[in-house]
Amino acid sequence: MTAIAAHRTKVLAILDDASNTKFSNNQVDQAIRDALRDYSNAFPIERTYSFDCDGEDRIVLPADFVAMQVMRVELIPSGDSQDDLTKLNEIPFFANYSDEQWVIETPGRTIPIGRTIVIYYSGPHFIDGLDSAAGTTIPDTDDEIFALGAAGYALLSRGVNRSEANVIEGSTVKDLQSLAQKYLHDFRGFLSGRDKGYIAAAWDLDSDDHF
């Protein structure tokens, strides 16, 4: 079972919808994306990226460089091994995201052609199989609480959609929204370091026809 399939199974179990009667995989995947965004903001991954400069003070990084924030930039001293990250000189920089690519500027200092910089940045988490990601970065120990957050987002979205469509009673919408907020409260409490514990209770309404 792929990672995304396993996460869907956990979320659908919380929603008491193992057969996808109420929620499609696309709806669950969107809820997982929403939870993944929150998780990444709370626990970003610090990564490094090496880049060979072209003699410009405006460095346009490849489109596949995905970052939340560029934290610092260091230059490998001339003559040192490009694989030796113990001898680095931090340099001032500005970083911005423009036209779907990150751009790093080093004002007052042009990095010579062929010199290598090491970029330290915070990146988002991934789930194998979701949006073509290869590999999963969420620890197994966080799978259950993560699934709870995704279930909260799924419930919240469904409550809004069904309310707008006027296909379920107002009390049922309130029940969906209340449970969604309960799950999201526990999930966000965990993300903020205030783990209050959680109950992955299955929810049930009078009839599947209601939603």
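None of the values given here were measured: they were computed from a predicted structure.
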Whether over 12 other heavy atoms sit under 6.0 Å from Asp99 CG | no
Taking atom CZ of Arg58 as the centre, does the number of heavy atoms from other residues, nucleotides or ligands within less than 6.0 Å exceed 12?
-> no
Do Phe51 and Phe65 make the cut of ring centroids closer than 6.0 angstrom?
-> no
Quick check: does any side chain N or O of [X] sit under 3.5 Å from a backbone N or O of [Y], one acting as donor and the other as acceptor?
X	Y	answer
Ser178	Lys174	no
Asp17	Lys22	yes
Ser40	Leu36	yes
Arg109	Asp57	no

Nearest 0.5 Å please: distance from the CZ atom of Arg158 over to the CG atom of Leu156.
-> 13.0 Å
Given the rule that I, L, V, M, F, W and Y join up when any side-chain heavy atoms are under 4.5 Å apart, are [X] and [Y] in one cluster?
X	Y	value
Val103	Leu61	no
Tyr97	Val73	yes
Met68	Ile119	no
Phe126	Tyr121	no

Between Tyr39 and Phe43, what is the ring plane arrangement, given parallel below 30°, perpendicular above 60°, and tilted in between?
-> perpendicular
Do Arg8 and Asn20 have side-chain heavy atoms sitting under 4.5 Å apart?
-> no
